[in-house]
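Okay, so here's the structure we're looking at.
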2 protein chains.
Amino acid sequence: MSENVGRWLRDEIENAILSSEFAPGERLDETVLASRFGVSRTPVREALMQLNAIGLIDIRPRRGAVVIDPEPHRIYEMFEVMAELEGLAGSLAARRLDEESRQAITAAHERCERSAKIGDSDAYYYDNEAFHKAIYAASRSEFLEEQCTQLHRRLRPYRRLQLRVRNRLSTSYSEHCGIVDAIFAGDGEGARRLLRSHVGIQGERFSDLVASMATR
Amino acid sequence: MSENVGRWLRDEIENAILSSEFAPGERLDETVLASRFGVSRTPVREALMQLNAIGLIDIRPRRGAVVIDPEPHRIYEMFEVMAELEGLAGSLAARRLDEESRQAITAAHERCERSAKIGDSDAYYYDNEAFHKAIYAASRSEFLEEQCTQLHRRLRPYRRLQLRVRNRLSTSYSEHCGIVDAIFAGDGEGARRLLRSHVGIQGERFSDLVASMATR
DNA sequence: GTCAATGCTCGTGTATACAAGAATGGCGCA
DNA sequence: TGCGCCATTCTTGTATACACGAGCATTGAC
C-alpha cells in the first residue's frame, strides 16, 4: 500500500482497468468504489482525477466517470507515437551504452529467448516488457524513460493481444536480436529503424489488432 | 470560467506557474490558494492533483505541493523528445496534407514572416506557436497532436527565453521556410529532419538555454 | 555551550454533510 | 396509446470539520 490512500487507489483502479476487470465504457460510481475499497469518496475522487489526467477514464461534469473505450485508429496512433519514442530510446542507447545497461539488456534478452523457445506467451509478455524497459533505461534520458513507460503501460492490454497472433512470438524474438546487435554495435540509426518497425503496427498487424479487439 | 471550479483553478494555477508568477521551488499552500481564488480547499486540491499528474508540481505526502524546478539536463531531454514528436508530426503532415491544413500552415507561416521582419519577438512567439500547432493538426493524428500540444505547453517558458537570443528570430523563420517547403513537397523524411533540428537544442543553443535560465 | 528530546503548532489527508444538476420514471393530456 | 412535461431521486460537486503527521522551537541535561 502506497503512502497515501489516493495513490494506492489510483494504482488499484488502473490495474483493474488495464486487466479489463473494468470494461471500456463502464461507468465508475464513486460511492460503489468507495465502499468496495473501504474508504470514503474523497480519495476515490482523487484517484479518478489522476486517471482522467493519464487518459484512462473520461470525467464529464455532473455525469461521472467512464472507462475510455479507444477506437482502433486511436490505438494505432498511440502505437505510432510509441514506435517513435522507442526508436529515439534505441538510438540514444546505442550511442550512450555503458556496461551496466549492456548487462541489463543482455539478461532481459536471454530471458526472452527462453520464453520464446518454449512458446510460453505469458512469460514472454513479461520478459518482453523487461527488455523494452532495459532499453528505455539505457537511453539515459529520464524524461524519455518516463514517457515510454507511461505509454507502454497504456498500450499493455493491446500488446498482450498481439502476442496471441500466430508466430508473433518467434518473429518478435528475432526482431529483438537485430535490435540488440544494432545497440551493441553503437549503430544508433539502425537501432532506431529496427525498433520503429518492431513497435509500430503496419499492414496486416493492424487488422490483427482490430480483430483481437473485436473478439475480446 | 470552465464548467467546474477544479478545472478552472487548474488552468489558473498552471498559467501562474508557466508565467513564473509562482516560481520554481515555491511552496503552494492549499489554504492560501483557496482564499486567493475565493473557493474552498477541495477544488484547490483537485487542481493540484491534476498539475501533479501533468508534471508541473510535486506533491509529497504530508509535505504539500511545490512547483517543480527542472534541471537543465531535464529540459534538454524534454526538448529532445519534443523534437522527435514534432519530426513525426511533420513527416505525417507531408504525407497526409490536405487543402485545409495547407491553408492553415500557410497563414501561420505568413504571420511569422511579418513578426520576424519587424523584429517583434513577442508577436513571433505567438505566431510561432500557431505555426507549430498547425503542423500538429496537419499530422491528422489526434493522439500525436495532444502529446505535442501538452509538451509544447510545458516547454513554453523556455521557448520564450530562447527567442531572446540574438538572431534567433530570423534563423527560426528561415528554418520554418525549409520545413514548409518540405511538407508542401510531400517530402516526409525532409520535414522530419528539418523539424528535429529546428526544435532540438544542440551545441551552443543548450548553453544559451542554461544561461537564460540562470539569469531569469 | 551544545546537542537531543519532547511538545506545540501548522498544514495536509480523510471523512462527512449539504447543495445543485442530470436522468429517469410516472402522470396527464392529446 | 403515445408523447411530453414535471417531479423525484440519485450522483456528482463543493464546503467544512476533524485527525494525524511532520517540522520547528524551546528547554533540560550532559
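In what follows, chains carry the letters A, B, and so on, assigned in the order in which the sequence lines appear, proteins first and then strands, with residues in each chain numbered from 1. Quick note: numbers below take in every heavy atom, side chains included, and nothing from hydrogens, waters or symmetry partners.
- For Glu30(B) and dT14(D), the CD to C1' distance is 15 Å, given to the nearest whole Å.
- Residue Leu9(A) contributes atom CG, which lies 14 Å from atom C1' of dA15(C) at whole-angstrom precision.
- Counting non-hydrogen atoms under 4.0 angstrom, Arg63(A) reaches the backbone sugars and phosphates but no base.
- Applying the 4.0 Å criterion to OP1 and OP2 of dG13(C), one finds that Arg45(B) has a side-chain N or O inside that range.
- Taking only distance into account, the side chain of Arg41(A) meets the base of dG13(D) through a donor-acceptor pair shorter than 3.5 Å.
- In this structure, CZ of Arg62(B) is placed 9 Å from C1' of dT14(C), rounded to the nearest angstrom.
- Between Ser115(B) and Asp120(B), the side chains place no donor N or O within less than 3.5 Å of an acceptor N or O (distance only, hydrogens not considered).
- One can place CG of Asp58(A) at 14 Å from P of dT12(D), the figure rounded to the nearest angstrom.
- To the nearest angstrom, P of dG13(C) lies 16 Å from CE of Met49(A).
- Between His176(A) and His132(A), the angle of the ring planes goes over 60°, which puts this pair in the perpendicular group of the 30/60° scheme.
- The aromatic rings of Tyr173(B) and His109(B) lie parallel to each other, their planes meeting at an angle below 30°, with 60° marking the opposite boundary.
- In terms of phosphate contacts, Thr42(B) brings no side-chain nitrogen or oxygen within less than 4.0 Å of OP1 or OP2 of dT14(D).
- Across the protein-nucleic acid pair, Leu28(A) atom CG and dT12(D) atom C1' stand 14 Å apart, rounded to whole Å.
- A straight line from CG of Asn4(A) to P of dG21(D) spans 13 Å, rounded to a whole angstrom.
- Closest to the Pro61(B) side chain, of the nucleotides dT12(C), dG13(D), dG13(C), is dG13(C).
- In this entry the distance linking CZ of Arg7(B) with P of dT12(D) reads 14 Å, nearest Å.
- Side chains of Tyr136(B) and Glu86(B): a donor-acceptor N/O pair is present below 3.5 angstrom, by distance only.
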